[in-house]
Amino acid sequence: VPSAEPEPSATPAPTDTLAPSATPVPTSTPRATSTLQPTAASSGAGARPQMTAELAALVDALLHGNESARVAAAQQIAGMGPQAAAALPALAQALSDQSGEVRALAAQALAQVAPQAVQAIPYLIQALSNADAQVQAAALDALKAITGQDFGSDVALILDGGATVY
């Protein structure tokens, strides 16, 4: 008999300071080492974006639900567009989820929150080194949406420092 309890996720609880995943990346890849917080510009003059009850429930599902709940939460957050700016730390954290589908959807959600997701750029660059081509493509699309720059499809150019992303 299946349990009503969600499967535990390997993703830790959200924090205001996000450390990048422990997954090794090429040494030329910039490591995300700064604090990732929603930008004030995403919600108006100097105010920090507010986490609505709906968004808080989606973030909880994204970080702690079973795989299907995490997939659905990422899709719903992406559908909220810039109004989901308060979920930026959770979306960046989901870029290192154990599921490739969740990682790709988190990158797609960051693209939908763009340009407020500027602080997620180091995490997206790190996601370019992911072995899953779907995750790489989604991270590249998110970088294009956030920066307005077209980097082509050569992720190695970005990872090797041949393209300026910021």
Side-chain angles (χ1 to χ4, degrees), residues 5-26 29-39 42-43 48-147 151 155 158-159 165:
E5 291 291 316
E7 296 174 15
S9 170
T11 308
T15 62
D16 281 343
T17 304
L18 297 177
S21 71
T23 305
V25 295
T29 302
R31 302 289 291 179
T33 57
S34 62
T35 301
L36 178 65
Q37 298 176 352
T39 62
S42 61
S43 65
R48 193 167 176 186
Q50 296 299 311
M51 178 83 66
T52 64
E54 175 188 11
L55 186 56
L58 290 171
V59 165
D60 185 57
L62 177 66
L63 298 177
H64 304 293
N66 61 31
E67 184 173 359
S68 63
R70 295 191 318 270
V71 165
Q75 290 171 329
Q76 290 178 22
I77 292 170
M80 297 175 79
Q83 289 73 34
L88 288 174
L91 290 170
Q93 191 170 343
L95 289 172
S96 61
D97 190 273
Q98 62 192 4
S99 163
E101 185 175 10
V102 173
R103 291 190 306 269
L105 288 167
Q108 291 172 9
L110 285 166
Q112 297 304 311
V113 176
Q116 291 87 347
V118 170
Q119 294 174 340
I121 289 174
Y123 297 91
L124 289 164
I125 292 172
Q126 185 174 342
L128 292 174
S129 65
N130 193 284
D132 186 326
Q134 182 181 7
V135 174
Q136 288 181 3
L140 188 60
D141 288 344
L143 286 168
K144 289 176 187 176
I146 293 166
T147 66
F151 303 102
V155 297
I158 296 171
L159 292 175
V165 179

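Source: prediction; values computed, not measured. All residue numbers refer to positions in the sequence shown, counting from 1.
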With a 4.5 Å heavy-atom cut-off, do [X] and [Y] have their side chains touching?
X: L124; Y: I146; value: yes
X: L95; Y: Q126; value: no
X: L91; Y: L62; value: yes

Which pair of non-hydrogen atoms, one from [X] and one from [Y], has the smallest distance, and what is that distance?
X: R70; Y: V102; value: CB-CG2, 3.7 Å
X: A84; Y: M80; value: CB-CB, 3.9 Å
X: A106; Y: A94; value: CB-CB, 3.7 Å
X: A74; Y: A109; value: O-CB, 4.0 Å
X: A138; Y: A104; value: CB-O, 3.4 Å
X: M51; Y: A86; value: CE-O, 3.4 Å

Query raised in the report: Does N130 have any side chain to side chain contact (heavy atoms under 4.5 Å, CB included) partners at least two apart in sequence or in another chain, and if so, which?
Result: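 N130 satisfies side chain to side chain contact (heavy atoms under 4.5 Å, CB included) with R103, D132, V135 once adjacent residues are dropped.
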Query - Any residue meeting side chain to side chain contact (heavy atoms under 4.5 Å, CB included) with A61, in chain and number order, not counting sequence neighbours - result: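 A61: side chain to side chain contact (heavy atoms under 4.5 Å, CB included) contacts with A73.
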Separation between [atom1] of [X] and [atom2] of [Y], rounded to the nearest 0.5 Å:
X: L110; Y: D141; atom1: CG; atom2: CG; value: 12.0 Å
X: Q134; Y: L105; atom1: CD; atom2: CG; value: 7.0 Å
X: E101; Y: Q108; atom1: CD; atom2: CD; value: 9.0 Å

